[in-house]
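Note sheet for the following structure.
Everything quoted here is computed from the prediction, not taken from an experiment.
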Amino acid sequence: QVQLVESGGGSVQAGGSLRLSCAASGQSMGIFTMGWFRQAPGKEREFVAARGWSSGNTLLATPVKGRFTISRDNTRNTVYLQMDNLKPEDTATYYCNAGPWMAVTTTGSNYWGQGTQVTVSS
């Protein structure tokens with residue numbers, strides 16, 4: 001079993017920055033990719049970013065490339081999402097996800113955090 005706890009959401013104006021954190025505990029995290037999804041009201045959940053836990057592979061969705069950065073701290077079992085130059089269309093609930101690379105980078109794996117709200121005003 002894996003537990004994921006997110007933090008760091010909030011409200012900012014367009015052009016601002018936020019950093020989300022996701023701390024993992026439970027089953028060995030060394031085999032897991034960790035990533036982020038988001039869901040805006042009335043829309044489907046979509047992939048945002050992923051980071052291979054042991055390999056360091058990184059994948060970013062096209063809408064966030066050049067603005068978001070995903071990183072990890074293996075000593076803390078934590079993954080971070082640095083979000084810069086935020087836009088109103090980034091407004092959503094952001095969810096942490098952990099599992100195999102192929103799952104986390106597509107529709108998501110079985111382990112999800114509770115979600116953290118990000119609101120960007122124009």
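To the nearest 0.5 Å, atom CE of residue Met102 and atom OG1 of residue Thr107 are 9.5 Å apart. The distance from atom OG of Ser121 to atom NZ of Lys87, rounded to the nearest 0.5 Å, is 15.5 Å. Atoms CD and CG, on Gln1 and Asn110 in that order, are 9.5 Å from each other to the nearest 0.5 Å. To the nearest 0.5 Å, atoms OG1 (Thr69) and CZ (Arg51) are separated by 10.0 Å. In this structure, CG in Asn85 is found 8.0 Å from OG in Ser17, a value given to the nearest 0.5 Å. Atoms CG and OG, on Leu4 and Ser25 in that order, are 7.5 Å from each other to the nearest 0.5 Å.
Taking the six-membered ring wherever Trp is involved, the centroid distance between the rings of Phe47 and Phe37 falls below 6.0 Å. For Trp101 and Phe32, the ring centers are positioned 6.0 Å apart or more.
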Using atom types as modelled, flag every donor-acceptor pair under 3.5 Å from a side chain in residues 38-45 to any protein atom, sequence neighbours excluded.
from	atom 1	to	atom 2	distance (Å)
Arg38	NE	Glu46	OE2	2.6
Arg38	NH1	Asp90	OD1	2.9
Arg38	NH1	Tyr94	OH	3.0
Arg38	NH2	Glu46	OE2	3.2
Gln39	NE2	Lys43	O	3.1

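Here the closest non-hydrogen pair linking Gln117 and Thr91 is NE2-CG2, 4.1 Å. Shown here for Thr33 and Ala50, the closest heavy-atom pair between the two residues is CG2-CB, 4.0 Å. The two atoms that bring Thr93 and Gly115 nearest to each other are CG2-CA, 3.9 Å, heavy atoms only. Residues Gly99 and Val104 share a closest heavy-atom pair of N-CG2, 3.4 Å.
In this structure, Arg76 contributes its side chain and Arg72 its backbone to no donor-acceptor pair below 3.5 Å.
For Ser109 and Asn97, the side-chain atoms include no donor-acceptor pair closer than 3.5 Å.
The environment of CD in Gln3 is crowded: more than 12 heavy-atom neighbours from other residues, nucleotides or ligands sit within 6.0 Å.
A heavy-atom distance below 4.5 Å is not found between the side chains of Gln82 and Phe68. The side-chain heavy atoms of Leu20 and Thr116, taken from C-beta on, include a pair separated by under 4.5 Å. Within the 4.5 Å cutoff, the side chain of Trp36 has heavy atoms near those of the Glu6 side chain.
Placement of Met83 and Val12 within a single hydrophobic cluster is found when ILVMFWY residues are connected by side-chain heavy-atom separations under 4.5 Å, directly or transitively. Val79 and Val48 fall within a single hydrophobic cluster, where Ile, Leu, Val, Met, Phe, Trp and Tyr side chains are chained together by heavy-atom contacts under 4.5 Å. Hydrophobic clustering places Leu60 together with Met34 (ILVMFWY residues linked when any side-chain heavy atoms are closer than 4.5 Å, directly or through intermediates). Residues Ile70 and Tyr111 are members of one and the same hydrophobic cluster, defined by side-chain heavy-atom contacts under 4.5 angstrom among Ile, Leu, Val, Met, Phe, Trp and Tyr. Grouping the Ile, Leu, Val, Met, Phe, Trp and Tyr side chains by contacts below 4.5 angstrom, directly or via other members, places Leu18 apart from Tyr80.
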Requested in this report: Any chance you could lay out the side chain to side chain donor-acceptor pair (under 3.5 Å) test for Asp73 and Thr78, step after step, and finish with the verdict?
Outcome: CA-CA 5 Å; Asp73 183 343; Thr78 299; over 6 Å; no
